[in-house]
There are 2 protein chains.
Amino acid sequence: MSLRHALLGLLSERPASGYDLLKLFETSLANVWPATQSQIYTELTKLAGSGLIAVAAEGPRGRKEYALTDDGLAELRHWLTETTPQRTTRSDILLRVFFLGVLRPDQARAYLAELTEMSEESYEQLRRLSDSIDWDDGNLSVYGRIALEYGLRFNAMRREWAEWAAQQIT
Amino acid sequence: MSLRHALLGLLSERPASGYDLLKLFETSLANVWPATQSQIYTELTKLAGSGLIAVAAEGPRGRKEYALTDDGLAELRHWLTETTPQRTTRSDILLRVFFLGVLRPDQARAYLAELTEMSEESYEQLRRLSDSIDWDDGNLSVYGRIALEYGLRFNAMRREWAEWAAQQIT
DNA sequence: GTCATCATGTAACGTGTTACATGATTGC
DNA sequence: GCAATCATGTAACACGTTACATGATGAC
């Protein structure tokens, strides 16, 4: 049920169309909660149906700009304060580690080297992103920055772990 | 398509029934790839249908013990060496961080404090698990240990990050 | 004999992915 | 006029969750 809340969250900053939201997902939210075009449009229709958002303006090419309603803001706050996030995250990457024993040691090391590289790349990409953003805005800047810092620390940790792990394989 | 490979991976160690596999998921794989009973039984039927596993023995109470076939092992190796894992992981926990601006600062700090606590608990739980396992086995022990070390480092990182983040909120 | 555990299966529903389908506007 | 981009919608399918349903066996 989180796509719904991601949309409510983005709309809490400012009104936006499905197309705008798609772009926002591709840029800011892509790393924590990817969503496809079809998913976004379908969910927006449902949210409007249940009164959590409403069409605030219409533009050219059938553009519909949605805005958060009072009910929508209440639901967003409820989600943030009254519900606990899921502790378990599925990780394709970690799952493979369990089964590296069916490969030759050099193949297993190659996999871990790939992870090292992937973590480095992600780290650098986030660094560049961090440099390109102007951190003058209000709330979204404070919390966006905190999320970005998480990404940096996460990738640094993963890189070090993958290097350590490769050394464990004899 | 990873549940399929998780099952093939577990069966590469030794033959097992659906019930055995369910228990293995609950203990060893729960942290990286949770799966439900219904999902496991359905997938086993499909895997047997496509010849990647086969019923090797039948026991009391309709117990069916599955074993990996040659095709199944080939598929497992193919997955490990020829396919790249998904870089994007959905994180409920991080998603919320983006929207903490709609809450009061004390509520936002409370959320981050919750994350600190959650990370500590997970860390301790993994520590205990690490102490309780005898690390004498072969492959599964080497790679199981590497995965566990990841969990420890991850939770330590997240804890420090959450503490840092709480201080950023004025 | 009864309770816990072993053991499997299916149906309904929700969420996510891929692909198809259509068309308006703006810039050049 | 033509191409890029803006803009929305739906259908088919895969994957995951919850709940229901049933029954055998072993330990006490």
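Letters A, B, ... mirror the listed sequences (proteins, then strands); counts begin at 1.
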>> Output the rounded distance in Å from CG (A:Leu95) to P (D:dC15).
In response: 14 Å
>> With a cut-off of less than 4.0 Å, is there a side-chain N or O of A:Lys64 near OP1 or OP2 of D:dG9?
In response: yes
> Between D:dA11, C:dG16, D:dT18, which nucleotide gets closest to the side-chain atoms of B:Arg90?
Replying inline: C:dG16
> Atom CE of A:Met1 and atom C1' of D:dT17: how far apart are they, to the nearest Å?
Replying inline: 13 Å
> Within this structure, what is the OH-to-P distance between B:Tyr41 and D:dT18, rounded to whole angstrom?
Replying inline: 18 Å
> Which whole-number value in Å describes the distance from B:Leu7 CG to C:dT8 P?
Replying inline: 13 Å
>> Show me the pairs that pass ring-ring contact (aromatic ring centres under 6.0 Å, His included) and involve residues 53-95 of chain B, at least two apart or across chains.
In response: B:His5-B:Trp79
> Base, backbone or nothing for each nucleotide of nucleotides 21-28 of chain D, written B, S, -, heavy atoms under 4.0 angstrom, 5' to 3'?
Replying inline: ---BB---
>> Taking transitive links into account, so neighbours of neighbours count too, which hydrophobic residues share a cluster with B:Tyr19 at under 4.5 Å side-chain distance?
In response: B:Tyr41
> In whole angstroms, how far is the P atom of C:dA7 from the CZ atom of B:Arg63?
Replying inline: 5 Å
> When B:Val32 is tested against each of A:Thr88, A:Thr89, A:Leu94 for side-chain contact (heavy atoms from CB on, under 4.5 Å), which residue passes?
Replying inline: A:Leu94
>> The criterion is side-chain contact (heavy atoms from CB on, under 4.5 Å); which residues satisfy it with A:Ala67, sequence neighbours excluded?
In response: A:Pro15, A:Ala56
>> If you assign each of B:Asp20 and A:Lys46 to its closest nucleotide in DNA chain C, which residue comes earlier from the 5' end?
In response: B:Asp20
> B:Gln39 side chain N/O closer than 4.0 Å to the phosphate oxygens (OP1, OP2) of D:dT17?
Replying inline: yes
> Is the phosphate of C:dA7, meaning OP1 or OP2, less than 4.0 Å from a side-chain N or O of B:Lys23?
Replying inline: no
>> Side chain of A:Thr45, heavy atoms from C-beta onward: which of D:dT18, D:dG16, D:dG9 has the nearest atom to it?
In response: D:dG9
> How many Å lie between CD1 on A:Ile40 and P on C:dT15, as a whole number?
Replying inline: 15 Å
> Is the phosphate of D:dC6, meaning OP1 or OP2, less than 4.0 Å from a side-chain N or O of A:Tyr19?
Replying inline: yes
> Can you check the B:Phe25 CZ to D:dG16 P distance for me, whole Å?
Replying inline: 10 Å
>> Tell me every residue that passes side-chain contact (heavy atoms from CB on, under 4.5 Å) with A:Thr36, counting only those two or more places apart in sequence or in another chain.
In response: A:Ser38, A:Gln39
> Considering only heavy atoms and no angle criterion, is a donor-acceptor pair shorter than 3.5 Å present between the side chain of A:Thr36 and the base of C:dT18?
Replying inline: no
>> Under 4.0 Å, heavy atoms only, any strand: does A:Ser17 hit a base, just the sugar-phosphate, or nothing?
In response: sugar-phosphate
> Whole-Å distance between C:dG16 C1' and A:Leu22 CG?
Replying inline: 15 Å
Could you pull out every donor-acceptor pair under 3.5 Å between side chains of residues 162-170 of chain B and any protein atom, sequence neighbours left out?
| residue | atom | partner | partner atom | Å |
| --- | --- | --- | --- | --- |
| B:Glu163 | OE2 | B:Arg159 | NH2 | 3.2 |
| B:Trp164 | NE1 | B:Gln168 | OE1 | 3.3 |

> Salt bridge check: are A:Arg153 and A:Glu149 linked by an N-O gap of less than 4.0 Å?
Replying inline: yes
